Protein chains: 2
Amino acid sequence: MKKPTIKDVARLAQVSVSTVSLVINEKTSVSEKTKTKIQIAIKELNYYPRRIARGLASHTTGNIGFILTDDHFSLVEPFYTKIFLGTEFEARKHNYYILLTTVPTKFDQKKSIPRFLLEKNVDAVIMAGRVPERLIEIIIEMELPVILVDYYNRRFKTAAVLIDNIEGAYQAVNHLIHSKHKKIGFIGGDLKHPSIADRYDGYKKALMDNNISLNKNFVVTHELNTSIPTGYNAMHEILKKGDWPTAIFAANDAMAIGCMKRLKEEKIRIPEQVAIIGFDDIDADIQIEPHLSSIRVKKEEMGAIAAKQVVTMIKNKKHISEKILAPTDLIVRASTKSNSNL
Amino acid sequence: MKKPTIKDVARLAQVSVSTVSLVINEKTSVSEKTKTKIQIAIKELNYYPRRIARGLASHTTGNIGFILTDDHFSLVEPFYTKIFLGTEFEARKHNYYILLTTVPTKFDQKKSIPRFLLEKNVDAVIMAGRVPERLIEIIIEMELPVILVDYYNRRFKTAAVLIDNIEGAYQAVNHLIHSKHKKIGFIGGDLKHPSIADRYDGYKKALMDNNISLNKNFVVTHELNTSIPTGYNAMHEILKKGDWPTAIFAANDAMAIGCMKRLKEEKIRIPEQVAIIGFDDIDADIQIEPHLSSIRVKKEEMGAIAAKQVVTMIKNKKHISEKILAPTDLIVRASTKSNSNL
DNA sequence: ATTTATTATCGAAACGTTTCGAAACATATT
DNA sequence: AATATGTTTCGAAACGTTTCGATAATAAAT
C-alpha cells in the first residue's frame, strides 16, 4: 500500500485538506474537536507529510548550509570538523539538516558557488573560517540568514561566533599567577594577527588586575608568524636578556612547543624552573614531555551556538548581526603543575 | 528581480517547458539546434532549477541518509566521524548531500525512526556500526538502497563495507617476519568476536605462508574481552610459560598497550627483546613509549566506498548486496623497529 | 506520391503540500 | 429578530518541476 497523503487524512477525518494542513502546522483557529478528529486520522493512517512537498508550497527547505574552504577542512587538527559536528547536532534538535560543502580558497564566481545555493536548497548559511568575501556578498544578496564562525569581516554586518581570546588569555595568565608566579613572559609571534593581539590584551589585563607590572624583557611580539620556530627564537631572545621569567604564556601551542624545545636545550626544567602554558589545546600537547597546559576552545559549542542563531533568524524572519564570544577552558597539565602540587 | 523559472527559459527560447526540461536532464531526442537555443536562454537568464521542485515531480531528493547509533558517535576515537567525512566528500562529487542522524541504541519503533525516513527525504541510506536490526528491516521495507559500514548482519542481504581484518593481520605478522622474527605471539582476547577471529586467521595464514609453525605457547585467545587489562594478563600468561616469543601481534591496540605495560614491569625492552604491533591505529599509539606500530584502517575510504555504492544503486535502480573489504595500511613505529634499523 | 517508421516537440496532468480570500457557522450586541 | 463580530472551515490557486501520451515534423520505404 502506498504512503498516505494529506488527502487521505482529510477524507478519513471528513474535513478539507486545508484544515488538515492547519493542524499539521499547529496553527491556531482549529477547534479542539476537529483537531483531535484529524489527529486520530493521522495516527490511524500513519501519516507523515513529505518534506519536499511542503518545501515547494512553503518556500522552505528544512536545511541549513555549512560552508568552509577546502584547505580548512583537510587540516590535521580537526578544528572545523568539530565545529561542524556541533552545528549538526544542534541543528537536528531543531529539526534542520545540515548540508555541508567546501569552496575553493581561490573562489571563482562562475564555478564555485555551492550547489545548495543555486538550487535554493537551504534556509540559512553557516560559514566557518576565513571564507571568500565575494561569497559572503552573494549570500547576503540572496537575503539568507548568515553567521560566520571563527572569522569576522567588518565589511559585512553579519552575525559571528568568535573565540573569546581575551578571556582565554586571561584564564591562562591568571592560572600562572595563582601558581605563585610573578615574572610571567608573553610570546606572541605576530601581533598583527587579530587573535594574537587579543590574547596579548588578556595577558596584560590579568597582570594589571593582580598588580603585576609589565616587564618588556619578558615579551616578544615582533616576529612574522606564530609557528614552532618562532616560539623557539622568542625563548632564545628572552633567555639572552639574563633576567628570566618563571613562567611563559605562549599565544598558541605551536609557539609554546618551540619555546619548550629551547628550554630543554638549556637543560632548564619545566615546570620547576620555568612553567609554560599555551593556547588552542592541540593534540600534540599530550605527546610532548611534559604535557603542555593550554586553553581549550569549545569548538562543538561554537558550532552549536551558530546553529541556534540561524534557527532563530529563520523562525523570526529577522536577521541578527550580533557577535558572540565562545567560552574557553583552562586545561592544566604537567607543564604548569607547581612543585607543591606534585 | 525574482529568480527565473523554467517557464521564463521556455518563453525566451520559444519552446515548450517540457522541452527545456528535456535538455536540463540531458535526455536525448532533442535536436542540436533547439538544445543550444535553450542553453543560451539558460545562460542568459542565469537559470538554475530548484532542487525542491524537481524533487516533488520526480520523486527524488538528492539526499543520502547517514545513520549511526548515538553511542558510536560520541566515542573518543573519531572512527565513525572519519567514515562520515569520507562519505560526505564522495557523495558531494556525485551531487548528493548527506543527511546525518543518530538513533538511540535502545531503538524504539514508535519514536526513533529518523525524520528523513518519515519525511521521505533521502534516496538511499548508509548505516555505520552496529545498528538496530529493526531499523534495517524498516529501511528495506521502504525499498531504499542500503549499505552497512563496519557492520554486517546475516539476517539481511544488504551491501556492506567491512574492514579487511584477515589481510590487515597478515600485513602485521608479515612485517614482523620480515624483521627476522620467527617466534611470534598472538594476543586475541575474545575469539568469539568475529573481527578477532579474522585477525587470528590472518596471523595463522602469514605464519603458514612463511613456513613457521604455530606455537600454542605464544597464543592467548580465551579471555572475555579485548581491553587493556586483557592484553596485560595475556602477556603475563605468555611470560609465565618460560618460552618467550621475540614479537607479539596483538589483535587490537588496546591489548597491545596492556601487553607493553606488563613487559615494562619486567624491564623487558621493546622492541629489542620483544617487538609489538597492534591493530586499529588509535591516537594513543603515539602517546605511549615506544610508539606503537599498528594496522591502520582507511576510514575515509570506507565511507567513500559506501557512498559510491549507494549512488550506483540509485542510478541503476538496482540493489546491490555485495560485501566489500576496505584495505588496511601497515604503520611502522618504534615498537617494531628492528635493531639494525635504529 | 503515398504510406510507414522515426525523431522532435508539445500540452496537460501530476507530484503533495501551503496559503489566501471567501464562505459558513457561532456568538455577542442592539 | 436583525445585525455585527469573531471563529472555524473550505475551495482553489499556487509552488516549479517531470513525465507521459499525443501530435507534428522529418526521413525512409514502397
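Convention: sequence-line order gives letters A, B, ...; per-chain numbering from 1. If you're wondering where the values come from, they're calculated on a predicted model, not measured in any experiment.
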Heavy-atom donor-acceptor pair, B:Asp8 side chain to B:Thr5 backbone, under 3.5 Å: yes
I'd like to know if the side chain of A:Asp108 and the backbone of A:Lys110 have a donor-acceptor N/O pair within less than 3.5 Å.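 Yes.
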At under 4.0 Å between heavy atoms, how does the protein contact nucleotides 4-16 of chain C? Give one character per nucleotide, 5' to 3', with B, S or -. ----SBBB---BB
Would you mind reporting whether A:Asp123 and A:Asn63 have side-chain heavy atoms less than 4.5 Å apart? no
Does the side chain to side chain donor-acceptor pair (under 3.5 Å) test come out yes or no for B:Ser21 and B:Ser18, once each step is laid out? CA-CA 5 Å; B:Ser21 176; B:Ser18 29; over 6 Å; no
Interatomic distance where NZ belongs to B:Lys27 and P belongs to D:dT17 [whole Å]: 16 Å
Is the shortest side-chain N/O distance from A:Ser21 to OP1 or OP2 of C:dT18 below 4.0 Å?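 Looking at the OP1 and OP2 atoms of C:dT18, one of them is under 4.0 Å from a side-chain N or O of A:Ser21.
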Determine the interplanar angle of the A:Phe84 and B:Phe84 rings, folded into 0 to 90°, and report it as parallel if under 30°, tilted if 30 to 60°, perpendicular if over 60°.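 Rings of A:Phe84 and B:Phe84: parallel, as their planes differ by under 30°.
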